[in-house]
Amino acid sequence: MEYRFVAPALSSLDSLRTELLIVPVFSDERPLRGAAGLADWRLCGRLSELLVQGQLRGELDDALLMPPPDKRLAAERLLCLGLGARAEVDAGRLRTYLRTLVDRALGMRVRTMAVALPHASLTWLSPEQAIDVLLEEAQPHSERFDEITVLDTPEAQRRMEPRIERMRRRALLDV
C-alpha cells in the first residue's frame with residue numbers, strides 16, 4: 001500500500017483520481033471548512049443543501065455517500081463522515097472515526113481512497129497524532145488498499161512523512 005499527499009485545494013480535488021474521497025463533517029461547523037468545504041464549493045453547495053435539509057448532520061457515525069454529480073470532482077464517490085461536535089472529539093472518538101472510515105472503505109471494496117484528517121479543526125490534535133491513528137487502523141488491511149492519499153497542507157505533510165517512512169520500514173522488516 002502506498003501513501004501520498006496532496007494539498008487541500010480545489011485544483012487538487014479537480015485532478016484527484018481515486019475511487020473514494022472521504023471528508024470529515026462536524027455537527028457544529030457551519031459553513032463547512034477544510035476538505036468538506038472545498039467539496040461543497042466544487043459541488044455548488046450541494047453538501048450545504050443536504051445539511052439544511054437534515055440529510056447530513058455531522059453527528060458521530062452519520063454518513064452520506066454520493067457520486068459527484070456531473071463529475072465536478074475527479075473522485076468516483078464522495079463519503080462524508082460525521083464526527084459530532086468539535087468539543088466532543090477526543091482521542092477515542094478520533095480512533096472510532098478513523099476505524100469507521102477504514103471499515104467503510106473496506107466494505108465498498110475500494111482500492112484507492114483520499115482522506116482528509118480532522119486535525120486542523122481540533123486544537124489538541126497534531127498532524128503526527130492524526131496520521132499515527134490512520135496508519136494503525138489502515139495498516140492491518142494493507143493488502144486490500146493500493147493507495148491512500150492524504151489531503152493536507154505542505155507543513156502537515158512534512159510533519160507526517162517521517163511517520164509514514166517509519167511504517168514503510170517496519171513493513172519491509174516484516175516481509
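These numbers were taken from a predicted model, which means no experiment stands behind them. Numbers here are sequence positions counted from 1.
- In this structure, the side chains of Asp152 and Val6 stay at 4.5 Å or more apart for every pair of heavy atoms.
- A distance of 10.5 Å separates CG in Asp103 from CE in Met108, rounded to the nearest 0.5 Å.
- Summarising the geometry, atom OH belonging to Tyr3 is positioned 7.0 Å from atom CD1 belonging to Ile164; distances are rounded to the nearest 0.5 Å.
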Next on the checklist: The test is side-chain hydrogen bond (donor to acceptor under 3.5 Å, both in side chains); show your working for Ser27 and Arg57 and say whether it passes.
Outcome noted: CA-CA 6 Å; Ser27 63; Arg57 298 176 321 279; over 6 Å; no
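- The shortest non-hydrogen separation linking Tyr97 to Gly82 is CD1-O, 3.9 Å.
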Item to check | CA sep, side-chain torsions, deciding dist, call: Val23, Leu38, side-chain contact (heavy atoms from CB on, under 4.5 Å) | outcome: CA-CA 10 Å; Val23 297; Leu38 292 172; over 6 Å; no
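- Counted by atom type alone, Asp40 and Ser48 present one or more donor-acceptor pairs between their side chains at under 3.5 Å.
- Scanning both residues, Phe26 and Pro118, for their nearest heavy atoms gives CZ-CB, 3.9 Å.
- In this structure, CZ on Arg17 lies 12.5 Å from OG1 on Thr149, to the nearest 0.5 angstrom.
- No side-chain heavy atom of Leu83 sits less than 4.5 Å from a side-chain heavy atom of Val25.
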Checklist entry - After noting the C-alpha distance and the side-chain angles of Asp146 and Glu2, does the key distance pass the side-chain contact (heavy atoms from CB on, under 4.5 Å) rule? => result CA-CA 6 Å; Asp146 293 332; Glu2 287 298 316; over 6 Å; no
Checklist entry - Would Leu20 and Glu76 satisfy side-chain contact (heavy atoms from CB on, under 4.5 Å), going step by step from the backbone distance to the final call? => result CA-CA 6 Å; Leu20 184 63; Glu76 293 173 21; over 6 Å; no
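- Under the 4.5 Å side-chain contact rule for hydrophobic residues, Leu10 and Leu32 share a cluster.
- With Leu79 as the partner, the side-chain contact (heavy atoms from CB on, under 4.5 Å) test is satisfied by one option alone out of Val110, Val115, Leu65, Leu64: Leu65.
- When side chains are defined from C-beta on, Met66 does not count as touching Arg77, because their heavy atoms never get closer than 4.5 Å.
- Hydrophobic cluster membership is shared by Val102 and Val89, with clusters built from Ile, Leu, Val, Met, Phe, Trp and Tyr side chains linked at under 4.5 angstrom.
- Minimum interatomic distance between Ala39 and Leu13 (heavy atoms only, all atoms of both residues): N-CD1, 3.8 Å.
- Transitive grouping of hydrophobic side chains (ILVMFWY, heavy atoms separated by less than 4.5 Å) brings Trp41 and Leu51 into a common cluster.
- Summarising the geometry, atom CE belonging to Met160 is positioned 8.0 Å from atom CD belonging to Gln157; distances are rounded to the nearest 0.5 Å.
- The two residues Gly84 and Asp28 make their nearest non-hydrogen contact at O-OD1, 4.2 Å.
- Glu19 places a side-chain N or O within 3.5 Å of a backbone atom of Thr112 that can act as its donor or acceptor partner.
- Side-chain atoms of Ser126 come within 3.5 Å of backbone N or O of Gln129 as a donor-acceptor pair.
- When all heavy atoms of Ala74 and Leu16 are compared, the closest pair comes out as CB-O, 3.1 Å.
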Can you give me every donor-acceptor pair (side chain of residues 131-142, partner residue at least two apart or in another chain, under 3.5 Å) with its distance?
from, atom 1, to, atom 2, distance (Å)
Asp132, OD1, Arg163, NE, 3.1
Asp132, OD2, Arg163, NE, 3.2
Asp132, OD2, Arg163, NH2, 3.3
Glu136, OE1, Arg95, NH1, 3.0
Glu136, OE1, Arg95, NH2, 2.6
Glu137, OE1, Arg99, NE, 3.1
Glu137, OE2, Arg95, NH1, 2.9
Glu137, OE2, Arg99, NH2, 3.1
Ser142, OG, Gln139, O, 3.4

Item to check | side-chain contact (heavy atoms from CB on, under 4.5 Å) between Met1 and Glu147, worked out | outcome: CA-CA 5 Å; Met1 172 173 51; Glu147 181 179 88; over 6 Å; no
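- Smallest separation of non-hydrogen atoms from Arg111 and Arg144: NH1-O, 3.0 Å.
- Arg86 and Ser121 form no side-chain donor-acceptor contact under 3.5 Å, judged by distance and modelled atom types alone.
- Side-chain contact check for Arg158 versus Thr153: every heavy-atom pair is 4.5 Å or farther apart.
- Under a hydrophobic clustering in which Ile, Leu, Val, Met, Phe, Trp and Tyr are joined whenever their side-chain heavy atoms come within less than 4.5 Å, directly or via other members, Leu101 and Ile148 fall into the same cluster.
- Put simply, the side chain of Ile22 reaches to within 4.5 Å of the side chain of Met113, judged on heavy atoms.
- Transitive grouping of hydrophobic side chains (ILVMFWY, heavy atoms separated by less than 4.5 Å) keeps Leu78 and Leu81 in distinct clusters.
- With rounding to the nearest 0.5 Å, the separation of CG in Leu117 from CG in Leu151 is 9.0 Å.
- Once rounded to the nearest 0.5 Å, the distance linking NE2 of His119 with CH2 of Trp124 reads 11.5 Å.
- One N or O on the side chain of Thr96 and one on the backbone of Gly92 form a donor-acceptor pair closer than 3.5 Å.
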